[in-house]
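To start, the structure under review is shown below, and the notes come after it.
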Amino acid sequence: MSAAADRLTEARELLAGHPVVDGHNDLPWALRQHARYDLDRMDIGADQTGALHTDLARMRAGGVGAQFWSVYVPCRLAGDDAVSATLEQIDIVDQLLERYAADLAPALTAEDMEAAREQGRIASLKGAEGGHSINNSLATLRALHALGVRYMTLTHNDNNDWADSATDEPGVGGLSAFGRQVVREMNRSGMLVDLSHVAATTMRDALDASTAPVIFSHSSSRAVCDHPRNIPADVLERLPANGGIAMATFVPKFILPAAVEWTARADDNLRAHGFDHLDTTAEAMKLHRAFEEENPRPIATAATVADHLDHMREAAGIDHIGIGGDYDGTAFTPAGLDDVAGYPNLIAELLHRGWSHPDLAKLTWSNAVRTLRDAEAVSRDLRSRTSPSNATIETIIDTADAR
């Protein structure tokens with residue numbers, strides 16, 4: 001047997017004991033796009049290769065032990081429409097948990113995650129992607145938490161009224177006073193503050209405001225690939241003091257410099273044909289494939305992701321990194337990480353680079369579980385001595401003193 005085959009076997013054995021906690025999977029939105037949530041038409045208990053990045057058999061093959069399912073809605077949905085769509089996303093995750101109960105275990109706490117691992121089931125948590133999902137309402141934020149949402153990404157691709165996005169023009173200059181109140185209320189409720197998608201100014205403001213660990217559910221290193229969706233070195237260096245975790249993503253346009261410009265042109269091609277640039281339906285992918293035939297696509301690999309993890313470990317420390325693939329939320333994936341079965345290939349690459357078993361166990365499982373557990377402890381303390389905030393965006397004045 002070759003050394004590469006030996007490392008892959010070693011990776012699978014490690015994942016059997018320390019499975020992957022993946023920070024972000026967009027299966028719920030893919031089910032909406034492809035089948036309008038019809039689980040008979042798109043049954044993840046069956047092989048969905050070619051249609052989805054995710055099904056249960058491939059999650060098992062990939063060594064996935066816990067998944068944050070994204071209950072994402074696009075920024076074009078605003079106000080009550082965004083809230084309603086988020087509720088629909090939450091509902092489809094609950095349907096998945098009921099239908100596939102032998103494989104998927106509902107998880108609200110770190111203790112639930114550990115219990116699911118002992119049962120041999122995949123702990124399933126929910127993460128809301130974009131603060132527009134709460135329609136500027138702290139009560140709605142608390143309602144999402146009551147429905148099982150355990151993180152919220154403060155923005156998606158566009159700014160909202162109280163936070164700046166990485167891929168929009170500066171609006172409020174990071175977090176507004178109401179945005180800082182959102183962070184504090186998330187700390188109080190026990191909902192993790194997710195800083196993927198946000199501007200670097202927002203990252204820094206959130207780290208200043210948060211008394212609980214933050215996460216980056218699917219972001220990589222800006223020093224390795226200079227994309228605004230990635231995390232600057234100074235922010236990574238602040239994670240140890242905060243206790244948070246940065247979960248490296250696999251999206252080629254965020255990790256491979258050569259893919260940044262190519263993807264921009266491919267996305268423009270989609271828009272020219274009337275499609276949203278995030279569309280992954282069969283019709284959109286047909287256009288992507290035709291574009292790719294005439295414009296060869298730069299290919300990321302597991303080694304590309306490992307380059308990011310090497311730098312993130314150096315900048316933040318081994319206790320503050322994880323994995324957030326963004327499967328079913330991207331048109332393209334790296335070679336060897338084609339779908340959720342691919343995690344062993346990444347672990348094998350890191351073994352090849354000399355990562356130890358204890359360090360890999362932190363990367364795949366322990367860091368994410370500890371981050372949620374620590375946020376729960378902060379929540380218990382805050383709930384014991386503070387009341388829920390009924391502030392509104394209209395009643396909080398954004399002044400220097402409010403910061």
Side-chain angles (χ1 to χ4, degrees), residues 14-28 44 54 56 58-71 90 93-94 96-98 100-129 144-153 186-187 189-194 196 212-218 239 243-248 318-327 340 343-344 346-347 357-380:
L14 185 143
L15 289 171
H18 305 280
V20 169
V21 180
D22 184 275
H24 195 87
N25 184 303
D26 275 304
L27 174 66
I44 64 165
T54 308
L56 295 176
R58 283 181 289 167
M59 292 184 83
R60 295 292 194 183
V64 179
Q67 181 65 67
F68 280 92
W69 300 107
S70 174
V71 293
I90 290 169
V93 175
D94 289 339
L96 291 169
L97 297 181
E98 181 177 359
Y100 305 108
D103 293 285
L104 303 178
L108 300 176
T109 66
E111 184 177 347
D112 291 342
M113 295 172 75
E114 295 285 13
R117 179 172 66 156
E118 292 174 7
Q119 296 162 5
R121 295 196 290 167
I122 299 167
S124 293
L125 307 98
K126 304 181 185 95
E129 189 175 17
L144 294 188
H145 182 268
L147 291 170
V149 174
R150 287 300 177 266
Y151 74 62
M152 184 174 73
T153 321
M186 292 174 73
N187 290 169
S189 70
M191 188 184 291
L192 291 162
V193 175
D194 178 21
S196 287
V214 304
I215 68 166
F216 291 83
S217 65
H218 57 308
L239 283 180
I245 182 174
M247 307 176 90
I318 188 58
D319 295 320
H320 303 284
I321 55 175
I323 296 170
D326 203 7
Y327 285 118
V340 294
Y343 300 100
L346 175 60
I347 302 308
H357 280 217
D359 282 0
L360 289 167
K362 289 181 177 182
L363 173 76
T364 58
W365 181 262
S366 302
N367 289 345
V369 176
R370 185 262 312 153
T371 299
L372 181 57
R373 182 177 289 116
D374 289 352
E376 292 166 10
V378 171
S379 172
R380 285 192 298 272

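Remark: F216 pairs with no residue by the ring pair (Phe, Tyr, Trp, His ring centres under 6.0 Å) rule, at least two apart or across chains. Shown here are the salt bridge (charged side-chain N to carboxylate O under 4.0 Å, His left out) partners of E376, two or more places apart in sequence or in another chain: there are none. Among residues two or more places apart in sequence or in another chain, the ring pair (Phe, Tyr, Trp, His ring centres under 6.0 Å) test is passed with H24 by H218.
Considering only heavy atoms from C-beta on, L192 stays 4.5 Å or farther from V214 through its side chain. Looking at L15 and I347, their side chains come closer than 4.5 Å, going by heavy atoms from C-beta outward. Looking at heavy atoms from C-beta onward, I90 lies in side-chain contact with L144 at the 4.5 angstrom threshold. In this structure, P19 and W365 have side chains that are in contact, with non-hydrogen atoms separated by less than 4.5 Å. Side-chain atoms of V64 and Y343, non-hydrogen and from C-beta on, do get closer than 4.5 Å to each other. Between W69 and L27, the closest side-chain pair of non-hydrogen atoms falls below 4.5 Å. No side-chain heavy atom of I321 sits less than 4.5 Å from a side-chain heavy atom of L239. No side-chain heavy atom of N187 sits less than 4.5 Å from a side-chain heavy atom of S379.
Counting all heavy atoms, side chain and backbone alike, I122 lies closest to M59 at CD1-CB, 3.9 Å. In terms of heavy atoms, A110 sits closest to V369 at CB-O, 3.6 Å. A105 and A116 get closest at one heavy-atom pair: CB-CB, 3.8 Å. Here the shortest heavy-atom pairing between V149 and A128 reads CG1-N, 3.7 Å. Shown here for P213 and D374, the closest heavy-atom pair between the two residues is CG-CB, 3.7 Å. The two atoms that bring A61 and P344 nearest to each other are O-CG, 3.8 Å, heavy atoms only.
A donor-acceptor pair under 3.5 Å is formed between the side chain of R150 and the backbone N or O of L108. A side-chain donor-acceptor contact under 3.5 Å links R370 to the backbone of G243. A distance-only check finds no donor-acceptor pair linking the side chain of E129 to the backbone of S70 [under 3.5 Å]. D22 places a side-chain N or O within donor-acceptor distance of the main-chain N or O of G325, the cut-off being under 3.5 Å.
Atom OH of Y151 is separated from atom OG1 of T371 by 13.0 Å, given to the nearest 0.5 angstrom. Atom CG in D194 sits 4.5 Å away from atom CD1 in I215 (nearest 0.5 Å). The distance from atom CE of M113 to atom OG1 of T109, rounded to the nearest 0.5 Å, is 9.0 Å. The line from CG of L104 to CD1 of I44 is 5.5 Å long, rounded to the nearest 0.5 Å. Here the straight-line distance linking atom CZ of R117 with atom NE2 of H18 works out to 6.5 Å at 0.5 Å rounding. Between D94 atom CG and L147 atom CG the span is 7.5 Å, to the nearest 0.5 Å.
Ion pairing of D319 with K362 is present here, as a side-chain N (NZ or NE/NH1/NH2) and a carboxylate O approach within less than 4.0 Å.
More than 12 heavy-atom neighbours from other residues, nucleotides or ligands sit within 6.0 angstrom of CD on Q119.
The side chain to side chain contact (heavy atoms under 4.5 Å, CB included) test with I323 singles out one residue from L346, N367, I245, and that residue is L346.
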